[in-house]
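For reference, the structure discussed in these notes is given below.
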Amino acid sequence: MRNVSAVFNLNSGAATVAISALHEADSAVKGSTEFTHARVEGTEAAFHQRSAGLVGKRIYYRYSDVEAYEHIYLTPGTFVWHCLRGGEKGLADVDRTLAFEVAEDLYLFYWTERVMTVESVLLVDLREERSIGRMFGWDDLTDEPLVLPFNSRLTVMNTTEYPQDHHKH
């Protein structure tokens, strides 16, 4: 089973497609996601580039009146999620991520979870303070694929800036 998410920037002509798939490996269902980049023929659009634009940000996401999470973006490849309110209250983890800059303050954000079979793709809009997207994975309780759409309001709580010399050593 596959799930496809696509982002197309009408202003630049650049597009990114995320194709998530479920497959069996080691007697368990695993997930994977591949990204393909394209542009409209005849445009000079640059492909959506990998981005560190979310790194250092701590963002509060309100998915509903009962579900709220925070994300802390540690590096271009890792983030922390923490459920503050809702069914997973108190749970947290560090997971692998990718982010692509679609436009200024607009990011295509992907993560995969270590504990569960989950492939998530979101469009994070810092200017409009919204995110939309989907979580695609495997529900071990029902033995069926699971697709959960996301639509949240977000607040950037703070941004941590590292000293300029933190890469030296």
Side-chain angles (χ1 to χ4, degrees), residues 1-10 12-40 45-55 57 59-64 67-84 86-88 91-103 105-126 128-154:
M1 174 168 251
R2 293 175 188 222
N3 188 284
V4 177
S5 296
V7 174
F8 177 59
N9 185 327
L10 294 172
S12 72
T16 299
V17 178
I19 301 172
S20 298
L22 299 175
H23 47 86
E24 193 167 329
D26 301 324
S27 301
V29 176
K30 303 288 184 185
S32 63
T33 299
E34 292 185 26
F35 290 88
T36 302
H37 305 280
R39 66 175 169 243
V40 173
F47 297 138
H48 298 142
Q49 298 297 309
R50 290 275 307 269
S51 174
L54 292 173
V55 172
K57 292 189 180 350
I59 301 179
Y60 180 80
Y61 290 90
R62 292 171 301 288
Y63 292 100
S64 70
E67 297 282 335
Y69 287 77
E70 70 177 325
H71 290 181
I72 303 169
Y73 302 91
L74 301 174
T75 72
T78 55
F79 87 124
V80 173
W81 62 264
H82 175 215
C83 182
L84 301 169
E88 295 184 316
L91 294 180
D93 206 351
V94 177
D95 287 316
R96 185 174 66 87
T97 69
L98 292 173
F100 299 93
E101 186 171 358
V102 175
D105 292 330
L106 185 62
Y107 299 92
L108 179 62
F109 179 70
Y110 158 82
W111 85 86
T112 184
E113 296 190 10
R114 293 178 306 128
V115 177
M116 298 171 45
T117 302
V118 171
E119 302 288 309
S120 298
V121 177
L122 299 177
L123 195 58
V124 177
D125 188 335
L126 298 179
E128 296 295 322
E129 298 184 326
R130 298 195 63 91
S131 75
I132 59 170
R134 55 83 173 160
M135 178 182 279
F136 176 64
W138 186 255
D139 186 336
D140 287 326
L141 296 176
T142 63
D143 260 355
E144 293 188 6
L146 173 70
V147 179
L148 293 173
F150 285 142
N151 183 4
S152 75
R153 301 295 301 170
L154 67 87

> Between Y107 and G53, which heavy-atom pair has the shortest distance, and what is it?
Replying inline: OH-CA, 3.5 Å
> Which residues satisfy the ring pair (Phe, Tyr, Trp, His ring centres under 6.0 Å) test with Y73, sequence neighbours excluded?
Replying inline: H71, F79, F109
>> Looking at every non-hydrogen atom in both residues, tell me the closest pair between S51 and P76 and how far apart they are.
In response: O-CB, 4.4 Å
Pairs under 3.5 angstrom only: tabulate donor-acceptor contacts from the side chains of residues 116-126 to other protein residues two or more places apart or in another chain.
from: T117; atom 1: OG1; to: V29; atom 2: O; distance (Å): 2.8
from: E119; atom 1: OE1; to: T33; atom 2: N; distance (Å): 3.4
from: E119; atom 1: OE1; to: T33; atom 2: OG1; distance (Å): 2.6
from: E119; atom 1: OE1; to: Y110; atom 2: OH; distance (Å): 2.6
from: E119; atom 1: OE2; to: T112; atom 2: OG1; distance (Å): 2.7
from: D125; atom 1: OD1; to: R127; atom 2: N; distance (Å): 3.1
from: D125; atom 1: OD1; to: E128; atom 2: N; distance (Å): 2.9

>> Can you list everything that forms a side-chain hydrogen bond (donor to acceptor under 3.5 Å, both in side chains) with W138? Sequence neighbours excluded, please.
In response: none
> Looking at CG of L74 and CG of L54, how far apart are the two atoms once the value is rounded to the nearest 0.5 Å?
Replying inline: 11.5 Å
>> Please determine whether side-chain contact (heavy atoms from CB on, under 4.5 Å) holds for the pair E101 and Q49, giving the CA-CA distance in whole Å, both sets of side-chain angles, and the decisive distance to 0.1 Å.
In response: CA-CA 6 Å; E101 186 171 358; Q49 298 297 309; 5.7 Å; no
> E70: what forms a side-chain contact (heavy atoms from CB on, under 4.5 Å) with it, not counting sequence neighbours?
Replying inline: R58, I72, H82, L84
>> Give me the atom names and distance for the closest heavy-atom approach of F8 to A15.
In response: CD1-CB, 3.8 Å
> Mind checking whether L148 and L146 have side chains closer than 4.5 Å, heavy atoms only?
Replying inline: yes
> After noting the C-alpha distance and the side-chain angles of R50 and F100, does the key distance pass the side-chain contact (heavy atoms from CB on, under 4.5 Å) rule?
Replying inline: CA-CA 4 Å; R50 290 275 307 269; F100 299 93; 3.6 Å; yes
>> According to ring pair (Phe, Tyr, Trp, His ring centres under 6.0 Å), who are the partners of H48, at least two apart in sequence or on a separate chain?
In response: none
>> For R2, I'd like to know if atom CZ has over 12 heavy atoms of other residues, nucleotides or ligands within 6.0 Å.
In response: no
> So, for S131 and L154, which heavy atoms are closest and what is the spacing to 0.1 Å?
Replying inline: N-CD2, 4.1 Å
> More than 12 heavy atoms of other residues, nucleotides or ligands under 6.0 Å from CZ of R130: is that the case?
Replying inline: yes
> Which one of V17, L98, I19 satisfies the side-chain contact (heavy atoms from CB on, under 4.5 Å) criterion with F35?
Replying inline: L98
> Where the side chain of N3 meets the backbone of S20, is there a donor-acceptor pair that is under 3.5 Å apart?
Replying inline: no
>> My understanding is that only residues two or more places apart in sequence, or in another chain, count here; which of them pass side-chain contact (heavy atoms from CB on, under 4.5 Å) with E67?
In response: Y63, S64, Y69
> Do any N or O atoms from the side chain of R114 and from the backbone of V94 form a donor-acceptor pair under 3.5 angstrom?
Replying inline: yes
> Looking at G137 and L22, what are the two nearest heavy atoms and their distance?
Replying inline: O-CD1, 3.6 Å
> What heavy-atom pair brings T75 and T97 nearest, and what distance separates the two atoms?
Replying inline: O-OG1, 4.4 Å
>> What's the separation between atom OH in Y60 and atom CD in E129, rounded to the nearest 0.5 Å?
In response: 13.5 Å
